[in-house]
Each structure stands twice: as C-alpha cells, then as structure tokens.
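To keep things clear, I will list the structure first and then write my remarks on it.
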There are 2 protein chains.
Amino acid sequence: MSDATDHAAHVQTVPARRRRPTMRDVAQRADVSLKTVSRVVNDEPGVSTALAVRVRRAIDELGFHPHAGARLLRTDGRTSAIALLLEDVANPFSAAVQRAVENEARERGVVVFSASIDEDPARERALAREFGARRVDGLLLAPAGDDQSYLADELPSGTAVVCVDREANGIAVDSVITTNALGAAEGVRHLAAAGHRRIAFLGDRRSIRTADQRYAGYRDAIASLGLPLDPGLVVHDLRESADADGAVTALLARPDPPTALFTAQNLITIGAVRALRRLGAEWSVALVGFDDVLLADLLSPGITVVAQDPAAIGRTAANLLFARIAGDTSPPGVRLVPTTLIRRGSGEIQSG
Amino acid sequence: MSDATDHAAHVQTVPARRRRPTMRDVAQRADVSLKTVSRVVNDEPGVSTALAVRVRRAIDELGFHPHAGARLLRTDGRTSAIALLLEDVANPFSAAVQRAVENEARERGVVVFSASIDEDPARERALAREFGARRVDGLLLAPAGDDQSYLADELPSGTAVVCVDREANGIAVDSVITTNALGAAEGVRHLAAAGHRRIAFLGDRRSIRTADQRYAGYRDAIASLGLPLDPGLVVHDLRESADADGAVTALLARPDPPTALFTAQNLITIGAVRALRRLGAEWSVALVGFDDVLLADLLSPGITVVAQDPAAIGRTAANLLFARIAGDTSPPGVRLVPTTLIRRGSGEIQSG
DNA sequence: CTGTTAGCGCTTTCAA
DNA sequence: TTGAAAGCGCTAACAG
C-alpha cells in the first residue's frame, strides 16, 4: 500500500465536515431511483418488498433523516405548526392557556411555537413577522398593542389568526376572551353585598385591554349600586406584586381607608394579600381578586376570587384556529368565556 | 371586447386559489432580476437606491413575504430554532424553565418550539423525531424515559442536545440538574434538627430520576442521623396533589404517626398541606417541601421548602446548548444547580 | 451595480 | 412496479 493511497484513505474517513445524507445518497447506496426512496420514506404503495428492504437498510446505514422543510417546499402544503404569542409563558394564566392549546394541537399532529410578548407591541409585531416567514399555518395571539392591523402586512395571505385573552383591534379575526367587565362587576357587587361602600380598585395599566375592561366592570357596579366613585380609591398601573403591596399600604393609611379591595389581576392580588398580612388587616379588610391563584384556598382567610377559565380559553381558541385553517370562512366574532365567583372567606368579611 | 376575452379576464381575476407571491413575481413586477430582489430583501449592499425603491414598492403591492424554509434549503445554515421538551409546560417549575430558555433564545434571535412529554417515553421519542425532521439547531430535553440512546437514531447528526432537570442516560450529552439528593438530605436534616425522629417521605414515581434522587437523599440523611429507616413512613408513586392528600391522611391515622413530613415535589407538598389543614395538624406536624410554591410564605404556618432555581437551570442549559451549536466539542458533563433551604415556619415546628 | 446560472432536498408529473 | 426530468422559492457563485 502506497503512502498516497494511505493518505487518501485517511482524508476520506476524516472529512472536515460531513454532509448530512439526502435521499439521493440513499438512492445511490440502495441502487434505486430517487423516487423509489421517496415512496419508501412516505409509505407510498407501489414498491416491491425487495426494494423497500434495500432502501430501508441504506437509510439506516447512512443515518438518513427526511428534511421536513424541503418537503414543504415541494408540496406547498401546511407546515403543521402554529405560533402562540402570549404575554408571559411563566404566568400561571398564560401557562394554562398554552397547555390547553398544546393538547388540541397534539391531537392534530401540529406543533406549537411559543413566545412571550412582555407587553411590548414592537415585539408582538416582530414575532408575528418571524413566524409568518416560517409559514406557520396559524397564529394564536394575545395582543399587547392596541392595533393589530399590521397583521395584514406582516403575515402571508392565508395565515389564520385568532386572538386569545384580548380582543383584536383593526383587523377582522376571531377573539376568545373572558367576560372581564361582567366578572369584575360581579366581584364588586359581592363585596357590596357584604355591606361595603368604600371598595378600592387596584389594576394593571389601563392600556391593557383586559385591565380596562375590568375597571369598566368596577365602575358599572359602583354606579348601579348607587355608590360614589371615589377617585382616591382607584389605583391603576400596578405592574407587579410589589406595586400592589405599596398601593394597599398607602390606601389603608388614608384617613378614610377602603373597607374592601377589588384586585383586578393575579399578581396584584398576591401583593395586596401580602400588604394586608403585614398590616394585620387580613381579617378586617375584605378582598376579592380577579383570576384564581394556586393555594388561595389554604390561606387564612381563603382568597375569594372571580376565577377565569384559561383551559377553556385555550381550547376554544385553538379549535377556532384549526377550523379557520381547515377553510372555515364564516364571519369572525368574539367568543366570551364566563367567570366563576369562588367564595373562600376574604370576600365575605362584613363591613364594620 | 369578445366573450372569450371577457371570460379569460374573469378567470384571471377570480382564481380558485391565489398563489402566494414569490421573489420571481416581485422581480417581474419591479422589472429587475431575481438576485436584485434577493439583495433588497436581505439588506445586502450593492443595490442602487432607485432599484431598491422599485423593488420595495413591488413587494408591498404584491404582499410578498419571504419564505424562511426555502431560504434555509439553499443556505443549509441554521434554522435558528430550538425545541424544548418538558414534563408539562403548565407546571410552575417547567414554566419557569421555559421562560429562562426563551430569554436566552431571544437574545440570539432564536425561536423556541415547546411541547409537554407528560411522563410518556414514547411521546418523548416521537417529539424528538418530529423536531429533528424540522431541523432544529438543538434540543433541550427533560427526559421521561430511562434511556435516551434513541436520540442517536432519531436526530439528524449534528443536532445539539442538552438535558434539563434530569440526567440523560445512554448517550453522552450535557445535563443541567438540581442537586436533588443533597437538597433532600438538607431538608430532612433540618427536620431532624427540630427534634424529629419519625420523618415520613412522600414522593412521585421512582421511575422518575429526580424522584429517586430525592429519595436517595432522604435515605442518606436518615442513615447519617442514625435514625431507623421505617418503610411504613415511605410513600412513593404519588402522581397528583390528591394522592398526597390521601397518603398523609393515612400516615397520620397510624398508631405511630410521623411527627414530620418531607414532601419531594411541589404538587405533593400542596396535597400534604391540604391534608394537614383538614386534620387540624398544620401546627403539630412539621413539613418541609422540595421545590418552592407560590404563596408558600403567606400560609400559616409558612411552608418551609428546599427551593430549586428553575431560572438558573433554564439559563444554564440554554447557554450550554448554544455553545454546542456554535461548535463547542468539549466533553459533555453534568452541571449541578444548588438548592436553597427557605425557613418559613412549617419546617421549624419542634417535635413534641 | 446588476444579472445569469445552477442547485439546496424533496415531490410531482409523466413515461417506461 | 420503477425511474427521469422538472421545479418548489430561494441564494451562491460567478459573470457582465
């Protein structure tokens, strides 16, 4: 054996970068045509057992893996992928929605891209574009911005869209949302029924549609109860737990403090409970929170909440989206998912 | 105008299905070459302003959107996508890991596919194959099965893999895991330090690696403390909160009940707390849980936990994965993320 | 600065 | 039952 041969052998067995095997490589190795390999890979009929066996052996020996992207290019079919853009996948509400969506997608052999928008409209738009370019079959979106008309520009025509948790604006697509105003009003009336007349509202940024709707529910309830709307008892723009804690502390330090609190979001509820605890007021100041919280039943008092149904929201939205993808062209609308008042103690504390 | 012409015009304006515009369409409309369009779309230099303007106008008029899949086929580069396979995206631990991974991915312009395995090894494998075919650059996996050697078959060569939360078996890849045994032992010793000698263990299925490691930590601690290991105080196979509730109820009904509980998972902890409450034993039976729980500090007593750091786990794993994708070939290993004992009351209840 | 040609990995005619 | 050729939408490599 010559040095040259030896060297050549070495070069062949240790290539700088190994190209991934393609169907063509498989075809060559099995000594069949490209089309035959394609038929075997896709379980199409019309291949003799002998050839099929040879092809499968070649596939294993080479470590061949089909390339879904290349396939898509030719078939121009669906990608069997949808994108899910939520506020923050780590928030229990979003996480529950995501899980419900995944369940529906899984049944249909569809995979889910997910991402958090973090209340950033620019990011919302960039993500829509990103996933549009990847040709997802559909987009499930919890809008952060106040105008989704950009979707018409950013998404390839034919990409289905359904909004979750918050209504879309500026574009005609289905939305699946909680009865925010109704639920909030129910919570406030529940407090009033316990004799409270000074009921504070603690909410997130009003630019968030759900926050604003819940505030509207609060106002409606206050008005229909014939109570005065005291601006001093209304606090918006609470972005995290600690903000709510501070706001409650300030409210209760007033000369005319509220006797009851309506907290319009899960993290706000938690912050408020912390403040009440620190002030030793958890048994004297009533509280109803919007959106349920894990362990809320084990606190003393238990936290009375207006519970949302994130699983139903996710399930409904996913089903709507898949119907659109399948060709449903009925006029889009808003699906409302009702809330449930869960009495656990904090909301039943009487005014006194 | 003839009928024929008329008919032809009609057919053209109302096509059965409109083809999405491609670069070629844009090129034709702007009266430039395909390559020029490509340059404009990719912001490559070397295009006169005049042409660029024309091209961009054509893009808008036609509603053209680049096709990421087709691009990939030609460049054979990265897809800038990774897959994240977790136990259940709705579990707070998994959700926190997912969020941390997304943060790292976002910085690099990488999108995340996510899916829940639900402790089903067959599903784990099917998902790996699915995402492999979609040519993700890398895979972040919390293994459910006890053998991941299948990955070598299911994944195209060159796909990076890092395991999160649970160690990989049968394949040499990086893993990022909590110090489960150490953390569990610390929790048990903490209970012993409060005078407890009958400390029960409540855990998930032992087939889950983390559950088994935590049990090992329990045994180690019991042994090193010179306490007897009473099999009657050890309960495995608790799959949900309600199971734990039942197990605690049974344990405390024994003639020689435990004076302290070590609950080895977040949902188990919650179930145990519920049982203690119902039995009015929350102040007499001590409890330390593994993995932190939201609101644990607001309960009475607060729940003492051995907290994990899911954010650190997700961040570390993602960084490791991206390093591999970038070409790091150093020998894979196990990264341990430490736990923190958080004293809140339930774990400090003295034996009496 | 601009365009032409070839081909990524696969499926779809259509022919043998 | 099998295969050859064409082309999906795009970019790389080279011209002009």
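Order of the sequence lines sets the chain letters (A, B, ...), proteins ahead of strands, with each chain counted from 1.
- Between the side chains of N103(B) and R99(B), at least one donor N or O lies within less than 3.5 Å of an accepting N or O.
- Residue V47(A) is classed as a sugar-phosphate contact, given heavy-atom separations below 4.0 Å to backbone atoms only.
- Counting non-hydrogen atoms under 4.0 angstrom, L72(B) reaches nothing in the nucleic acid.
- Looking at residues two or more places apart in sequence or on another chain, you find no salt bridge (charged side-chain N to carboxylate O under 4.0 Å, His left out) involving D165(A).
- Between R106(A) and D118(B), at least one side-chain nitrogen of the basic residue sits less than 4.0 Å from a carboxylate oxygen of the acidic one, meeting the salt-bridge criterion.
- Residue-level contact check: R39(A) touches the bases, meaning some heavy atom is under 4.0 Å from a base atom.
- First and last contacts of DNA chain C with chain A, using any nucleotide atom under 4.0 Å from a protein heavy atom and ordered 5' to 3', fall at dC8(C) to dT12(C).
- Crowding of R108(A) atom CZ: a count of heavy atoms from other residues, nucleotides or ligands under 6.0 Å exceeding 12.
- Protein chain A contacts DNA chain D from dT1(D) to dG9(D), reading 5' to 3' and using non-hydrogen atoms of the protein with a distance under 4.0 Å.
- Heavy atoms of V32(A) sit under 4.0 angstrom from primed sugar atoms or phosphate atoms, though from no base atom.
- Residue whose closest nucleotide on DNA chain C sits further toward the 5' end, between T75(B) and L34(B): L34(B).
- A salt bridge links E102(B) to R123(A): at least one charged side-chain nitrogen sits closer than 4.0 Å to a carboxylate oxygen.
- Around CZ of R335(A), the count of heavy atoms belonging to other residues, nucleotides or ligands within 6.0 Å does not exceed 12.
- Both L51(A) and L73(B) sit near DNA chain D, but only L51(A) has its closest nucleotide nearer the 5' end.
- Residue E119(A) qualifies as enclosed at atom CD: its count of foreign heavy atoms under 6.0 Å is above 12.
- Contact check on R125(B) versus E154(B) returns a salt bridge, with a Lys/Arg side-chain nitrogen under 4.0 Å from an Asp/Glu carboxylate oxygen.
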